[in-house]
Each structure stands twice: as structure tokens, then as C-alpha cells.
Protein chains: 2
Amino acid sequence: MEGSAVTTPTAKSTQTRQLLLDTALELFATKGFSGTTMRAIATETGLSLGNAYYYFESKDAIVHELFRNLLQRHRAAAWPLLVPGNNLETNLRIALDQALEIMAPFHEFGPAFIRTAFAGAHTGPRDVHRALEFGLWRQVVAASRPLPPLAIRNDLPELLWLIQRGIFLFWAYDSSPGAARSRRLIKNVAPVTARLVVLSRMPVVRSILDDVLSLVRTAS
Amino acid sequence: MEGSAVTTPTAKSTQTRQLLLDTALELFATKGFSGTTMRAIATETGLSLGNAYYYFESKDAIVHELFRNLLQRHRAAAWPLLVPGNNLETNLRIALDQALEIMAPFHEFGPAFIRTAFAGAHTGPRDVHRALEFGLWRQVVAASRPLPPLAIRNDLPELLWLIQRGIFLFWAYDSSPGAARSRRLIKNVAPVTARLVVLSRMPVVRSILDDVLSLVRTAS
DNA sequence: AGACCTTTTTGAACATGTTCAAAATTGAAT
DNA sequence: ATTCAATTTTGAACATGTTCAAAAAGGTCT
């Protein structure tokens with residue numbers, strides 16, 4: 001078994017798995033989610049249907065990989081655009097817009113992504129996953145001038161991550177043409193967030209943010 | 001056609017539809033989501049499979065009805081418990097706890113509920129749907145003493161509704177035994193929210209809440 | 001009653017995700 | 001080289017959501 005943790009670490013079947021994955025992502029990109037059948041993936045790779053299931057326990061599992069792939073692409077696309085000197089609003093806007101840009105061709109996958117992103121069962125070391133998701137938001141903060149108030153600087157990435165989750169959820173079920181509503185939401189979220197960050201210098205606001213963050217951590 | 005708006009309003013097929021729905025909900029409650037097959041629903045009702053599809057365009061459509069049913073049950077269960085004189089925290093806690101109580105047997109439906117609750121395509125008049133979802137939260141506010149600050153009294157129901165959506169989403173993907181994590185979250189959310197409401201008297205806090213609310217309305 | 005249209009019902013098919021026992025292959029140990 | 005166990009691959013089946021053309025039932029008008 002491939003998925004089990006105790007059997008074999010890996011053989012040269014890693015290649016087969018990768019091949020399968022590549023054609024799957026290719027098909028997903030060209031034919032969409034429902035347009036891509038497990039049979040098509042297997043056939044296109046030159047394998048039998050059952051064999052595909054030897055490497056991936058379900059179609060959703062492949063979608064999960066696509067999702068992780070997109071997360072990485074998002075990170076790679078947004079990072080270089082976060083030039084230091086931008087204010088937080090600008091950088092936040094850039095990061096969020098890039099997410100939409102990367103995800104756009106896969107809007108049909110929205111609900112499946114939600115399933116895969118929200119369902120527990122984190123594969124692999126939790127820290128790696130965390131770092132992959134948080135890193136970009138840390139960079140958004142770090143590249144912004146003026147730097148956010150000390151009071152919130154450390155927690156801000158987590159807050160931004162939370163905000164982007166909300167937007168992502170909204171996008172996933174946004175049926176407006178071209179995800180126009182999601183784009184509008186982002187346009188409004190960025191300045192509001194920036195303002196909130198400024199206000200975080202005030203003890204009341206800071207205490208509220210503390211409450212919210214500890215709630216989020218309850219749910220981590 | 002039944003679903004189309006222009007053909008016939010209704011015939012005495014309403015009865016068949018209701019019969020179908022009743023056995024469906026019954027089966028859902030006893031056999032769960034994946035354990036209930038469209039064939040079973042049809043057979044149990046004494047109809048053919050194809051006929052079930054004459055009345056419901058998909059299995060999800062039936063789940064949608066179950067969801068609306070549960071919303072009503074929640075409302076009916078929570079409303080009488082909201083005795084005036086409770087403070088907001090208590091009433092909020094009651095309403096949220098009841099939601100979990102009602103939904104608990106259908107935890108397996110979580111993702112399907114999300115699909116149905118978040119996907120657009122609101123059937124029927126939008127206001128009715130709105131009222132059904134907002135009413136309870138209006139009552140939570142109205143039954144609480146002291147009454148929340150005027151500054152927020154009108155908007156609070158919408159805020160509470162938003163909070164419960166968040167919790168609901170969390171619950172839907174909460175795989176902890178007995179949804180313990182969701183319960184803990186609720187236990188913490190109630191006091192935090194109450195505190196936030198008190199603080200809403202301060203202009204800074206109020207302005208932040210305004211921002212958040214207008215964001216939500218962007219996304220309505 | 002007969003003709004005609006609409007609504008309802010059926011039965012059979014289809015598509016696709018998923019499972020599984022058995023065959024083929026591989027790789028090491030003797 | 002032979003044997004043996006683990007890994008990989010196959011092919012065929014299954015389950016279930018969904019579709020659809022055609023039959024049956026109802027209702028209305030003449």
C-alpha cells in the first residue's frame with residue numbers, strides 16, 4: 001500500500017504516481033472537474049482504471065493534490081509582487097487578487113476544494129502544511145511599510161489567513177459572472193483590514209482581536 | 001413540469017411529492033446520507049425510481065428540503081427557550097446550542113448542507129428565506145436584557161446570523177467525537193460576542209462593526 | 001363516448017466512482 | 001536459476017445518481 005505509513009516508504013512507483021498526477025492535472029485544467037473521469041485519467045496515462053485507484057484512493061484525493069498545487073502556484077505568483085514599501089492594503093490586495101487569478105480557471109472545483117481544504121485529515125506533518133499556508137501572509141506583513149503596529153504584528157498573518165479563508169469560501173460558491181462579487185469583496189476587504197490594523201493600536205480593538213484570535217485557535 | 005414557474009402551479013401531486021419527501025426524511029434520519037439511496041426512497045414510497053426524479057431533480061434537492069426542515073425545527077426548539085431577562089450571552093448560547101442539538105443526528109450531512117446552504121440559486125421569494133434565517137436572531141436580541149446598545153441593536157441580528165454561519169461551517173467539517181470542538185467553540189463565542197456588543201458603544205468599535213457589516217452586505 | 005392534450009409513471013438504460021480477487025511483475029534471498 | 005513474498009496491474013464487477021423515450025392515467029372539450 002502506498003498510503004499506509006508502515007509498509008514501504010517508496011519504490012520507483014513514485015514515477016507512475018507522478019505521471020498519473022500530471023495527466024490528471026492536465027485533464028482537470030482542460031476538461032474541468034466533472035469533465036474529467038477517472039477512466040480518462042487512467043487511460044490517458046496508459047494504465048487501467050483499477051490501477052489509478054492503487055495510487056489515489058479517490059477522485060477527491062487527486063483534487064486535493066491539485067489544490068495543494070494551486071496553493072504553491074499562488075505563493076509563487078504573489079510573492080515577487082510583494083515589493084517592500086507598499087502599504088499593507090496594497091500588498092494584501094495583491095495577494096488576494098493573485099489567489100483569484102490562479103484559482104479562476106478552476107472555479108468549478110470550488111465546492112470540491114472546500115471539501116478538501118476544510119475537512120480534517122491533514123496528510124503529512126502539520127507544520128509543513130501550516131507553513132505553506134501561512135508563509136505568504138507572513139511575507140505580506142513583512143513587506144509592508146509602515147510595519148503594522150507591534151501590538152498585532154505577530155498575529156496579523158494568522159488574521160490575514162483567516163480573512164483569505166473567508167474570501168475563498170465565498171468565491172467557491174460565488175456564481176456571479178467572472179466571480180465579480182468576489183472581486184468586489186476583495187476590493188473592499190483590503191482597505192477595511194488595513195484600517196483595522198491601524199486601529200489595533202487601541203487597547204479595546206486589540207483586546208477584541210485577541211478574543212477573535214483565541215477563538216480561531218480554539219478551532220485550530 | 002413541477003419545478004418550472006410557468007406551467008402548472010400545483011395539482012394533487014403535491015400529495016405524492018409530500019409522501020416522497022416524508023419517507024426521504026425518515027430514511028435520512030435512520031440510514032444517514034450515504035445509506036439512503038434514491039432507489040430506496042422511491043421503493044419505500046411505492047414509486048419507481050424515475051418517478052422520484054420527476055418530483056426532485058436530484059438527491060441534493062431533497063437534502064435541501066431536509067435542511068430547511070431542520071432550520072425550522074431549530075427555530076421552533078430555540079424560540080421558547082429565549083426567556084426575556086436572560087442576558088445576551090445566555091440567549092446566544094441557547095440558540096447556538098440548540099442548533100447543534102437539532103443538527104447533531106445529521107452530522108454526516110454537513111458537507112451536503114454546506115453545499116445547499118451556501119450555493120446561490122435561492123428558491124422561492126428571497127425575503128421569506130431571509131426572514132426564516134434571521135427571525136430567530138432577531139428574537140435572541142429582542143429577548144435579551146439589558147437590551148444591546150442602540151448603536152448596534154438593529155444590526156446585531158445580522159451579525160449573530162453571520163457568527164452562526166461560521167460556527168455551522170466549522171461544525172460541518174468538525175470530526176472531533178461528539179462535535180466536541182464545535183461545542184467548545186460555541187462556549188467561547190458566546191461571551192466574546194457579548195463583550196463585543198458592550199464595546200460597540202465605543203465609536204471605534206462601532207466603526208469597525210460598520211465596516212464588517214458593509215462587507216457582509218457586499219457579499220449578500 | 002371519442003379525440004386530444006397535459007401530467008404522471010414506468011422501465012430500461014447510462015455514466016461514473018469505487019471495490020476486489022486474481023494475474024503479472026519485480027526484487028531479493030537461497 | 002529457482003523460489004517466494006511483496007508490489008503493481010488488470011479486468012470485471014458493483015452501486016448508485018441521473019436521464020429519457022414511451023406508456024399509462026387524468027382531464028377537458030365536442
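Sequence lines set the chain letters: A, B, ... in the order given, protein chains first and strands last, and positions in each chain run from 1.
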Polar contact flag, side-chain donor to acceptor under 3.5 angstrom, B:Q18-B:D22 = yes
Is the phosphate of C:dT9, meaning OP1 or OP2, less than 4.0 Å from a side-chain N or O of B:S48?
-> no
If you measure only the distance, is there a donor-acceptor pair under 3.5 Å linking the side chains of A:R184 and A:N188?
-> no
Return the value, rounded to whole Å, for the distance between atom NE2 of B:H64 and atom C1' of D:dG17.
-> 19 Å
With a 4.0 Å cut-off on heavy atoms, is A:T37 in touch with a base, just the backbone sugar-phosphate, or nothing at all?
-> sugar-phosphate
When we call it a touch if two heavy atoms are under 4.0 Å apart, what does B:L49 touch: a base, just sugar-phosphate, or nothing?
-> base
Name the closest nucleotide to the A:N51 side chain, picking from D:dT9, D:dT18, C:dT9.
-> D:dT9
When the distance from CG of B:L27 to P of D:dG17 is rounded to whole Å, what number comes out?
-> 12 Å
Could you give the CD-to-P distance, from B:E57 to D:dC20, as a whole number of Å?
-> 13 Å
Report the distance from atom CZ of A:F56 to atom C1' of C:dT19, rounded to the nearest whole Å.
-> 18 Å
Counting side-chain heavy atoms from CB outward, which of D:dT18, D:dA13, C:dT7 is closest to B:Y54?
-> C:dT7
Euclidean distance, atom CG of residue B:L19 to atom P of C:dT9 [Å, nearest integer] | 11 Å
For A:G50 and for A:R39, locate the closest nucleotide of DNA chain D by heavy-atom distance; then report the residue assigned to the nucleotide nearer the 5' terminus.
-> A:G50
Distance, rounded to the nearest Å, where A:Y53 contributes OH and D:dC14 contributes P | 17 Å
Would you kindly check if the NZ (Lys) or CZ (Arg) of A:R165 is within the cone defined by 45 degrees around the ring axis of A:F118 and under 6.0 Å from the six-membered ring centre?
-> yes
Which of these, B:F33, B:F168, B:W171, B:F67, sits in a ring pair (Phe, Tyr, Trp, His ring centres under 6.0 Å) with B:F109?
-> B:F33
Between D:dT16 (C1') and B:K59 (NZ): distance, integer Å | 8 Å
Ignoring backbone atoms, establish whether A:Y55 has a side-chain N or O less than 4.0 Å from OP1 or OP2 of D:dT9.
-> yes
For C:dT7, does OP1 or OP2 lie under 4.0 Å from any side-chain N or O of B:S13?
-> no
On DNA chain C, nearest-nucleotide positions of B:L47 versus A:S34: which is more 5'?
-> B:L47
Salt-bridged, B:R217 to B:D155, with N to O below 4.0 Å?
-> yes
Rounded to the Å, how far apart are A:L20 CG and D:dT9 C1'?
-> 12 Å
